[in-house]
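Here is the structure we will look at.
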Amino acid sequence: MRLWRHLIGLALGSFIAVACQFGGGTATPTPASITATQVVTQQATPAPTPVVTMSPGAIVLKPPDLIVRAAAGEQMATIGPFFWVLESGFAGETTAPGIVLPSEHPLGVTVGEELHLSFAEERPPQSVKLAVYPQEGNFDHIAADPNSRKGFVVKTDPILTAEPTQQGAAFGWTVPQLPSGAYFLRVEVEWPQHPKNPRPDKTPRAVYVFWVQISS
């Protein structure tokens, strides 16, 4: 029986892949570590499985995409650190020293404009917290290597925070009176505990980042 469970664990480990999905110019974060786990039976102890790559048809283990829509267009957020549980009971966690930009250019928004944000699947979050950071002072190399990619690396306090009002899996936010310039919108989301979560000490959560250019 132990050998059988061991073989099942190896088969599952080779089948799992965790990756952040590309879409509409969205780049993936540069995680420091990624682990995935599943409870095979109630008696089995979840063991982290290092993720090497993603192949066609593999399981995509990540939170739902978050999209912001403005008068000038839309942008899909980059997903940063997260802990996520699929309906099957698989769970994965990532950490990241920084988050790459979600697009090649910031999304243009204006002061007083209402932005509409929504998730790609109907799994309403429990809480949403939004923080605004100026690009200046928070745009740096993600890794210690000076040749590494640059992105959003928190080095200052946010210039403001908010808790948008939710409507199911969507919420809105009105651009406040801020000096014209480039900003990062950091959205921290937490979902209700999942009944199949193999790590009940953790709750599903994720950090998202948008890049906007605010004008008066």
Side-chain angles (χ1 to χ4, degrees), residues 19-31 62-82 84 94 96-142 148-191 204-216:
C20 287
Q21 182 179 350
F22 284 74
T26 301
T28 56
T30 304
K62 70 176 184 63
D65 291 321
L66 179 61
I67 299 173
V68 61
R69 292 178 174 84
E74 63 181 43
Q75 183 183 97
M76 184 182 294
T78 297
I79 302 177
F82 67 79
W84 190 245
T94 68
I99 304 174
V100 298
L101 303 183
S103 59
E104 294 183 0
H105 305 284
L107 176 65
V109 300
T110 59
V111 170
E113 177 181 0
E114 184 177 4
L115 306 183
H116 301 277
L117 300 94
S118 59
F119 292 95
E121 66 178 68
E122 285 294 328
R123 189 163 163 180
Q126 181 170 279
S127 67
V128 175
K129 297 179 181 178
L130 186 148
V132 181
Y133 292 81
Q135 177 179 317
E136 184 176 357
N138 295 288
F139 181 67
D140 203 351
H141 294 282
I142 293 176
S148 65
R149 196 169 186 176
K150 282 190 171 184
F152 172 51
V153 181
V154 176
K155 294 191 172 184
T156 72
D157 292 330
I159 57 177
L160 63 85
T161 60
E163 294 188 21
T165 301
Q166 301 170 219
Q167 294 181 341
F171 57 97
W173 182 68
T174 301
V175 181
Q177 185 69 46
L178 291 171
S180 297
Y183 295 85
F184 296 119
L185 305 184
R186 181 185 185 276
V187 182
E188 184 174 351
V189 184
E190 185 171 304
W191 284 266
R205 59 188 302 146
V207 171
Y208 297 85
V209 169
F210 294 104
W211 184 31
V212 299
Q213 179 75 33
I214 296 179
S215 59
S216 301

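Please read these numbers as outputs of a predicted model, since none were measured by experiment. Reckoned from all heavy atoms, side chains included, excluding hydrogens, waters and symmetry mates. All residue numbers in this chain count up from 1 along the given sequence.
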N138 side-chain N/O to K155 backbone N/O, donor-acceptor pair under 3.5 Å: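 Side chain of N138 to backbone of K155, a donor-acceptor pair under 3.5 Å: yes, one is there.
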Minimal non-hydrogen separation, [X] against [Y], with atom names:
X    : Y    : value
Y133 : P158 : CE2-N, 3.5 Å
A70  : E113 : CB-OE2, 3.3 Å
H141 : S148 : ND1-O, 2.8 Å
P125 : Q166 : O-NE2, 3.0 Å
G80  : I99  : CA-CD1, 3.7 Å
S215 : S180 : CA-OG, 3.6 Å

Residues, nucleotides or ligands: over 12 heavy atoms within 6.0 Å of Q167 CD: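 12 or below, so no.
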Enclosure of E136 CD (heavy-atom neighbours >12, cutoff 6.0 Å):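 No, the 6.0 Å shell around CD holds no more than 12 heavy atoms from other groups.
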Test side chain to side chain contact (heavy atoms under 4.5 Å, CB included) applied to H105 - qualifying residues, sequence neighbours left out: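 Not a single residue meets the side chain to side chain contact (heavy atoms under 4.5 Å, CB included) criterion with H105.
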Euclidean distance, I142 CD1 relative to K150 NZ, rounded to 0.5 Å: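 That separation rounds to 11.0 Å.
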Answer whether the closest heavy-atom distance between the side chains of [X] and [Y] falls below 4.5 Å.
X    : Y    : result
V68  : V187 : no
W84  : P64  : yes
S118 : R69  : yes
L115 : F210 : no
T161 : K129 : no
F139 : L101 : yes

Which atom pairs, donor and acceptor, lie under 3.5 Å between side-chain atoms of residues 170-177 and protein residues at least two apart or in another chain?
none

Test applied, side-chain hydrogen bond (donor to acceptor under 3.5 Å, both in side chains); reference residue, W211; option that passes from Q75, Q135, E104: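 With W211 as partner, side-chain hydrogen bond (donor to acceptor under 3.5 Å, both in side chains) holds for just one option, Q135.
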Ring pair (Phe, Tyr, Trp, His ring centres under 6.0 Å): pairs with one or both residues in residues 109-130, sequence neighbours excluded: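 Sorted result for residues 109-130: F119-W191, F119-Y208.
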